[in-house]
Amino acid sequence: MSDVSLSEQEQIRRQSLEELRKLGIDPYPAAEYKTNAFAQDILDNFIPEKNNYPDVCLAGRIMGRRIMGNASFAELMDSSGRIQIYVRRDEICPGEDKTMYNTVFKRLLDIGDIIGVKGFVFRTKMGETTIHVKEFTILSKSVRPLPVVKEKDGTYFDAVRDPEMRYRQRYIDLIVNPHVRDVFRKRSLIIQSMREFFNSKGYLEVETPILQPIPGGAAARPFITHHNTLDIPLYLRIADELYLKRLIVGGFEGVYEFAKDFRNEGMDRTHNPEFTVMEIYIAYKDYQWMMEFTEEIIKKVALDLHGKTEILYEGKTINLNPPYKRITMLDAIKEYTGLDISTMNENELRSACDRLGIPHTPSMGKGKLIDNIFGEKCQDHFIQPTFITDYPVETSPLTKMHRSKEGLTERFELMINGKELANAYSELNDPIDQMDRFREQLKLSEKGDDEAMAIDHDFVRALEYGMPPASGMGIGIDRLTMLMTDQPSIQDVLLFPQMKPENPKQGAGSRKEEFLECGIPEEWIDPLKNMGFNTCSKLKEAKAGKLFNDMCSYNKKNKLGLTNPNPEDVKKWIG
RNA sequence: CGGCCCGUAGCUCAGCUGGCAGAGCACGUGACUCUUAAUCAUGGGGUCGAGGGUUCGAUUCCCUCCGGGCCGACCA
């Protein structure tokens with residue numbers, strides 16, 4: 001019984017599956033398979049003179065085969081890497097019955113199957129460390145052919161590069177592009193390195209709500225959802241800042257969270273709707289202290305990952321060794337535009353934007369205009385790590401006013417490779433000022449800024465009880481990972497980046513019942529769909545004679561063994 | 001949201017100004033007991049992203065749609 005919607009290769013593999021079962025071999029055994037070695041360990045540590053791997057057992061996926069008759073080589077890939085195995089007929093099958101080799105190994109196994117092998121390690125004439133297999137076990141049969149990627153001297157042939165396949169079917173990407181697994185191991189290491197550092201300082205890792213009644217802590221459009229029992233809207237968090245600061249009010253010295261945040265905005269090379277941010281808040285510190293702390297974090301991550309602070313990103317050498325350059329936002333603008341905007345009012349800023357050719361809208365306040373000038377004219381210049389400090393109050397509603405500079409706040413962003421990597425402040429802990437700032441946001445919102453923050457009354461209430469002076473900082477983990485692993489796109493550092501839903505290969509088509517109502521035998525429904533008649537109405541457009549002929553030849557060609565319809569019935573279906 | 005490019009066998013990709021849909025790998029069959037992008041022989045495999053239009057004839061030209069990429073806009 002063959003299914004014509006499957007490709008030839010898939011059908012053959014399903015047949016192999018049946019043959020294995022007939023031979024009494026379970027293609028998906030339940031039992032634990034105890035291994036005692038990994039491929040990479042063997043490759044690294046095997047010494048032929050010592051014969052130090054006389055009895056190994058390992059499991060993995062078959063990635064390539066070279067069958068020469070009564071002996072074969074194959075590539076086995078486990079979580080650590082690839083190793084060659086050597087299988088000889090008369091050792092797999094010591095007796096008269098050569099089925100295990102001739103039939104099972106040579107014919108019924110395929111690239112992609114997962115097997116376990118037992119044997120000893122040796123080195124071939126060609127000098128390759130290889131497992132001489134004495135016994136193998138099928139652990140999982142693959143019924144869908146894997147893309148075959150071959151490699152010689154570091155050059156890959158037919159590598160899967162199609163981004164759509166790589167991101168939609170990440171499992172394939174991980175199987176056939178070994179360096180991809182490395183990227184995600186490094187991502188894990190980065191997080192581990194930071195967590196270690198924070199824990200060593202005694203800071204507490206916490207978890208705060210993802211579903212929030214008021215999405216606060218950042219300027220962004222949220223995702224909205226609905227809670228049925230409470231019958232209220234809830235928002236997926238855009239930041240965890242306001243909750244973490246409540247915990248500082250609560251008396252913790254330092255709290256941090258690796259948080260998934262969600263922003264309902266555009267997607268591109270550096271933006272995914274859900275992304276990971278590490279936010280940390282520490283009592284009795286200010287943003288000056290936080291700059292040094294941030295330098296330490298970045299340096300430690302670089303050292304833990306690469307053993308050095310010089311990294312290469314898109315061909316550019318970036319030195320992450322502190323101290324990093326510091327420049328105020330106003331000085332940066334002065335340096336790259338020649339304009340001193342420190343005394344300009346909103347109208348003067350608008351004409352400055354016009355002169356610089358920077359677009360702006362009436363809904364933009366003073367802060368956004370300054371931010372725009374910086375973003376357009378300055379940001380790209382900061383390739384080496386640079387702290388941009390002292391942001392205008394209008395774009396920093398949660399930041400303490402600058403201790404000495406009017407209209408500015410104690411805030412910095414860390415720029416690396418022209419991109420914002422971290423954002424930090426001396427946290428605003430004056431509840432009256434905070435309430436005023438929220439009200440300013442409300443005005444912006446009325447002006448048409450749909451990203452202005454909503455007032456979080458409970459957060460203000462918390463501040464009213466008194467929050468110690470504190471400094472907080474957020475690092476984009478995805479962007480940090482891109483930087484540290486030299487990946488060009490955020491999709492390359494997210495295991496499952498957001499994609500539009502995939503188109504079903506052939507539209508849903510009419511339901512089975514509709515075909516049955518037309519009088520079409522059940523066994524013919526799928527074949528008809530495969531012939532292109534997805535819907536009953538489409539079928540009715542066909543000519544009866546041609547349809548009858550097509551069905552008979554389709555039946556014959558695909559060896560379906562169905563009863564051919566008779567021409568009279570076909571006429572009736574079409575009506 | 002706009003501009004440019006892409007979608008052909010399981011995978012990587014050819015396919016010219018419109019004329020029977022191709023290659024390599026993979027797969028099937030046969031040979032081969034240290035190969036390594038194994039080799040040799042031989043065979044099968046396609047809704048050319050979907051729908052419509054022009055045409056005697058469309059993978060090719062035109063339109064619409066779907067999916068993807070790059071650049072820009074919006075946005076951190």
Side-chain angles (χ1 to χ4, degrees), chain A residues 5-13 15-16 63-75 82 84-92 101 106-107 110-112 122-128 130 132 142-168 172 176 218-221 238-239 261 263-273 275 277 359 361 368 371-372 375 379 395 413 415 419-421 423 449-451 474 476 478-479 488-491 497 499-507 529-534 538:
Chain A
S5 67
L6 295 176
S7 72
E8 184 191 37
Q9 292 195 47
E10 288 172 298
Q11 290 182 43
I12 288 165
R13 287 185 179 215
Q15 283 161 22
S16 300
M63 297 301 287
R65 302 199 299 166
R66 293 177 285 278
I67 292 174
M68 292 169 303
N70 293 331
S72 303
F73 289 92
E75 303 280 333
R82 281 186 187 212
Q84 179 171 264
I85 63 172
Y86 178 61
V87 181
R88 207 188 326 200
R89 184 191 67 185
D90 295 337
E91 273 176 274
I92 297 299
Y101 182 78
K106 276 170 70 175
R107 194 157 64 77
D110 290 286
I111 289 173
F122 75 112
R123 192 159 281 175
T124 64
K125 278 182 194 164
M126 302 297 288
E128 180 155 352
T130 301
H132 190 121
S142 161
V143 294
R144 191 184 278 266
L146 207 58
V148 176
V149 180
K150 298 201 175 187
E151 181 267 347
K152 183 177 170 70
D153 303 330
T155 309
Y156 287 87
F157 298 84
D158 305 328
V160 175
R161 269 183 298 250
D162 174 21
E164 185 158 5
M165 189 195 281
R166 289 191 49 222
Y167 302 147
R168 272 192 210 286
I172 291 182
V176 303
R221 286 189 293 259
I238 54 175
D261 288 349
R263 297 187 183 175
N264 206 342
E265 290 164 355
M267 294 161 60
D268 60 31
R269 228 158 45 90
T270 53
H271 297 84
N272 194 66
F275 59 101
V277 174
T361 64
K368 269 219 159 164
D371 213 34
N372 250 26
Q379 190 167 333
T395 50
E413 289 192 359
M415 298 287 162
K419 300 263 160 31
E420 175 202 338
L421 197 78
N423 182 12
D449 184 347
D450 57 358
E451 295 187 340
D478 309 298
R479 291 182 186 179
S489 160
I490 198 168
Q491 296 172 110
M499 302 285 272
K500 283 197 190 179
E502 204 173 355
N503 245 12
K505 183 95 186 175
Q506 52 187 56
K529 283 189 176 178
N530 284 319
M531 288 166 70
F533 299 103
N534 278 342
K538 199 154 187 177

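Numbers restart at 1 for each chain; the letters A, B, ... are given by sequence-line order, proteins then strands. What you see is a predicted model; the values in this text were computed from it and never measured.
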Next on the checklist: By nearest atom, which of the nucleotides B/G10, B/G68, B/A37 is closest to the A/R168 side chain?
Outcome noted: B/G68
Item to check | A/R66 side chain near A/E75 side chain, heavy-atom distance below 4.5 Å | outcome: yes
Checklist entry - Are the side chains of A/T124 and A/Q84 in touch, meaning some heavy atoms are under 4.5 Å apart? => result yes
Next on the checklist: Counting only side-chain heavy atoms from C-beta out, which of B/A26, B/U35, B/G68 sits nearest to A/V148?
Outcome noted: B/A26
Checklist entry - Taking atom types as they are modelled, is there a donor-acceptor pair under 3.5 Å from the base of B/U33 to the side chain of A/R89? => result no
Item to check | Selected nucleotide, minimal atom distance to A/Q9 side chain, candidates B/G68, B/A38, B/A26 | outcome: B/A26
Checklist outcome for this item: For nucleotides 71-76 of chain B, 5' to 3', base contacts (B), sugar-phosphate-only contacts (S) and non-contacts (-) with protein non-hydrogen atoms under 4.0 Å give S--BBB
Checklist entry - Between A/Q84 and A/E164, which has a closest nucleotide on RNA chain B that is more 5'? => result A/Q84
Next on the checklist: In whole Å, measure the gap between the C1' atoms of B/U29 and B/G45 for me.
Outcome noted: 15 Å
Checklist entry - If you measure from the P atom in B/C75 to the same atom in B/G19, how many Å do you get, rounded? => result 49 Å
Checklist entry - Taking CD from A/E151 and C1' from B/A38, how many angstroms apart are they, rounded to a whole number? => result 15 Å
Next on the checklist: Say we look at B/A14 and B/G49: how far apart would their P atoms be, to the nearest angstrom?
Outcome noted: 13 Å
Item to check | Nearest to side-chain heavy atoms of A/P145, which nucleotide of B/A37, B/G10, B/C27 | outcome: B/G10
Checklist entry - Roughly, in whole Å, what's the span from CE in A/M126 to C1' in B/U33? => result 16 Å
Checklist entry - Looking only at atom C1', what distance separates B/C61 and B/G18, rounded to whole Å? => result 8 Å
Checklist entry - Would you say the side chain of A/F275 lies within less than 4.5 Å of the side chain of A/R479, judging by non-hydrogen atoms? => result no
Checklist entry - Can you tell me if the side-chain N/O atoms of A/K150 get under 4.0 Å from OP1 or OP2 in B/C11? => result no
Next on the checklist: Could you tell me if the side chain of A/P497 sits less than 4.5 Å from the side chain of A/I490, heavy atoms only?
Outcome noted: no
Checklist entry - A/K500 has a side chain; which of B/C25, B/U36, B/G67 sits nearest to it? => result B/G67
Next on the checklist: Rounding to an integer number of angstrom, what distance separates B/G52 and B/U12 when you compare their P atoms?
Outcome noted: 28 Å
Next on the checklist: With a 6.0 Å cut-off (strictly less than), is the heavy-atom count around CZ of A/R161, excluding the residue itself, greater than 12?
Outcome noted: no
Next on the checklist: Measure CD/A/E75 against C1'/B/A37 and give the value in whole Å, please.
Outcome noted: 10 Å
Checklist entry - In whole Å, what is the span from the CD atom of A/Q11 to the P atom of B/G45? => result 12 Å
Item to check | Proximity to the side chain of A/V160 - top-ranked nucleotide from B/U12, B/U33, B/G28 | outcome: B/U12
Checklist entry - In whole Å, what is the span from the CD atom of A/Q15 to the C1' atom of B/G45? => result 14 Å
Item to check | Proximal nucleotide (of B/G10, B/C25, B/G68) relative to the A/P163 side chain | outcome: B/G68
Item to check | P gap between B/A31 and B/G22, integer Å | outcome: 30 Å
Item to check | Per A/Q491 side chain, nearest of listed nucleotides B/U12, B/G69, B/U33 | outcome: B/G69
Next on the checklist: Please pick, from B/U29, B/C25, B/U35, the nucleotide with the shortest atom-to-atom distance to any side-chain atom of A/D158.
Outcome noted: B/C25
Checklist entry - Closer than 4.0 Å, any side-chain N/O of A/R66 to the OP1 or OP2 of B/U35? => result no
Checklist entry - Taking atom P of B/G30 as reference, at what distance in whole Å does atom CG of A/N70 sit? => result 13 Å
Checklist entry - Looking only at atom C1', what distance separates B/G24 and B/G15, rounded to whole Å? => result 15 Å
Checklist entry - Over how many whole Å does the gap from A/E8 atom CD to B/G10 atom P extend? => result 10 Å
Next on the checklist: Between B/G53 and B/U60, how far apart are the two P atoms, rounded to whole Å?
Outcome noted: 14 Å
Item to check | Secondary-structure string, 5' to 3', Watson-Crick or G-U under 3.5 Å, | for another-strand partners, for RNA chain B | outcome: (((((((..((((.....[..)))).(((((.......))))).....(((((..]....))))))))))))....
Next on the checklist: Nearest heavy atom decides the nucleotide; on that basis, is A/L146 or A/K152 closer to the 5' end of RNA chain B?
Outcome noted: A/L146
